[in-house]
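Below is one structure, written out as structure tokens, with a few remarks after it.
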Amino acid sequence: NGAGDALMAVKQPIASSVARTQHDYNLDRVSVKDWGAKGDGVTDDSAAINAACAALKGTFRELFFPAGTYVYNGTGMVIDNFVIRGEGQRTQIKASANTNTGWLISLIGFSVRAESFYIVGNPSNTNFKGIKSFYNSDNGGVTDVLVENFTYGLDIDKSWYATYENIRFRKTVPLTGADIRIGFNNPTEEVNNLLFKDVWMGEQQTNGVAIYSRTQVLTWLGCSFETKGGARIKFFTTAYSNTFQLEACYIEGDIATAGDA
């Protein structure tokens with residue numbers, strides 16, 4: 001502290017730019033590796049990732065995951081009023097041996113987002129879900145994420161004006177849940193004004209979308225609903241939907257069991 005990069009000056013070769021210390025410049029983007037995460041596919045990075053998330057709580061900053069495989073066996077990453085971003089499929093968060101309950105990633109707060117990740121779950125652990133989007137609004141949501149082997153891939157509760165775009169749900173084994181659950185954990189709270197764009201729900205799953213709460217204005221653009229064993233889109237008895245709009249979507253036919261869509 002107080003030495004090294006704090007003594008070095010940085011100035012961009014652009015007109016009117018000003019000099020800053022290297023220490024200040026480095027703070028423009030913080031990485032999970034600043035807390036000791038390795039991302040080597042071998043080291044358990046749970047403690048380092050949790051420490052980074054705790055440190056950034058309420059800061060509205062961005063936590064960056066450089067390309068690599070981050071083994072996560074913890075109880076869940078809580079993204080509370082900040083943003084996490086990886087480098088697409090080159091950034092993998094691997095929870096394939098996780099035996100906990102809860103969610104791998106919990107997004108909480110306005111404009112909170114998870115972007116550009118490849119997350120892998122434990123298909124034998126139905127109690128550890130993929131992503132929870134709770135009280136997530138004002139352009140919050142999930143973008144450019146590949147979700148593999150989670151019995152429940154995405155839970156959305158008490159959220160509004162959020163966007164879920166370019167998401168693919170992939171399974172290497174048959175699963176018995178739903179790719180997306182809406183209102184399951186908070187069925188008395190309304191979910192409204194959500195945009196789903198280019199979301200692909202593949203086979204080997206019971207339901208693509210399962211809805212449990214009151215909803216208003218759910219818009220699906222260019223999405224694909226392909227499941228086995230149940231309805232592609234399932235409205236449960238407690239659900240009430242006002243404006244469920246599908247445009248340029250594919251809903252696979254040949255459903256062997258009774259369902260809603």
Side-chain angles (χ1 to χ4, degrees), residues 1-72 74 77-95 104-120 131 133 136-148 161-168 195-200 221-222:
N1 291 336
D5 64 357
L7 304 178
M8 297 174 61
V10 175
K11 186 176 183 297
Q12 296 287 3
I14 304 172
S16 302
S17 65
V18 298
R20 298 191 290 161
T21 66
Q22 182 68 50
H23 187 77
D24 180 54
Y25 185 81
N26 290 343
L27 280 174
D28 287 350
R29 169 175 274 190
V30 293
S31 163
V32 289
K33 293 193 173 183
D34 294 330
W35 281 266
K38 301 297 183 184
D40 57 13
V42 178
T43 305
D44 186 342
D45 287 319
S46 306
I49 292 173
N50 288 348
C53 291
L56 292 185
K57 178 180 178 180
T59 63
F60 299 98
R61 299 200 58 162
E62 175 184 310
L63 178 61
F64 179 56
F65 286 70
T69 299
Y70 299 85
V71 176
Y72 189 87
M77 305 160 49
V78 180
I79 315 305
D80 190 341
N81 284 295
F82 62 99
V83 174
I84 58 170
R85 182 173 286 112
E87 294 189 87
Q89 293 190 36
R90 294 186 301 159
T91 299
Q92 182 180 124
I93 302 179
K94 190 175 182 180
L104 173 62
I105 299 172
S106 294
L107 305 176
I108 303 171
F110 286 45
S111 304
V112 175
R113 302 191 61 80
E115 300 184 358
S116 298
F117 286 97
Y118 174 15
I119 64 174
V120 181
I131 300 175
S133 182
N136 205 199
S137 64
D138 295 346
N139 294 324
V142 180
T143 303
D144 298 330
V145 175
L146 175 59
V147 181
E148 181 176 298
Y161 298 103
T163 301
Y164 306 88
E165 182 175 1
N166 195 25
I167 304 171
R168 180 182 177 186
L195 173 62
F196 299 87
K197 184 178 179 181
D198 299 324
V199 178
W200 188 72
L221 303 178

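Just so you know, these numbers come straight off a predicted model, no measurement behind them. Both backbone and side-chain heavy atoms feed into the values below; hydrogens, waters and symmetry mates do not.
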Is any side-chain heavy atom of [Y] closer than 4.5 Å to one of [X]?
X    : Y    : result
V30  : L56  : yes
T21  : D5   : no
I108 : N136 : no
I105 : I84  : yes
P66  : V32  : yes
K94  : T69  : yes

Aromatic plane relationship, F65 with Y70 - under 30° parallel, 30 to 60° tilted, over 60° perpendicular: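 Perpendicular: the ring planes of Y70 and F65 meet at over 60°.
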
I need the minimum non-hydrogen distance between [X] and [Y], along with the two atoms involved.
X    : Y    : answer
A37  : A48  : N-CB, 3.5 Å
I167 : V147 : CG2-CG2, 4.3 Å
A95  : L104 : CB-CD1, 4.2 Å
S17  : Q12  : OG-O, 2.6 Å
M77  : C53  : CB-SG, 4.2 Å
R29  : E62  : NH2-OE2, 3.3 Å

Lys NZ or Arg CZ of R20 over Y25 ring: under 6.0 Å, within 45°: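 Ring-cation test returns no.
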
N139, CG atom: more than 12 neighbouring heavy atoms under 6.0 Å: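 No, CG of N139 has 12 or fewer neighbouring heavy atoms, counting only those of other groups under 6.0 Å.
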
Other residues, nucleotides, ligands: >12 heavy atoms within 6.0 Å of K38 NZ: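 No - once you tally the heavy atoms of other residues, nucleotides and ligands closer than 6.0 Å, there are 12 at most.
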
Side-chain ([X]) to main-chain ([Y]) donor-acceptor, under 3.5 angstrom:
X    : Y    : value
T91  : G86  : no
R113 : G140 : yes
D40  : T43  : yes
N81  : T59  : no
S111 : D138 : yes
D34  : S31  : yes
E165 : K197 : no

What distance separates [X] [atom1] from [Y] [atom2], expressed to the nearest 0.5 Å?
X    : Y    : atom1 : atom2 : answer
Q92  : F117 : CD    : CZ    : 12.0 Å
Y118 : R90  : OH    : CZ    : 15.0 Å
L63  : I49  : CG    : CD1   : 8.5 Å
D144 : Q89  : CG    : CD    : 10.0 Å
I79  : L107 : CD1   : CG    : 6.5 Å

Polar side chain donor-acceptor pair, N166 to D198, under 3.5 angstrom: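 Distance-only check fails for N166 and D198.
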
No-hydrogen, no-angle side-chain donor-acceptor test under 3.5 Å, Y72 and N50: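 Judged by distance alone, the side chains do pair up.
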
Stepwise side chain to side chain contact (heavy atoms under 4.5 Å, CB included) check, V142 with I131: CA-CA 9 Å; V142 180; I131 300 175; 4.1 Å; yes

Close aromatic pair by centroid cut-off 6.0 Å: F82 and F60: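 Ring centres of F60 and F82 not closer than 6.0 Å.
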
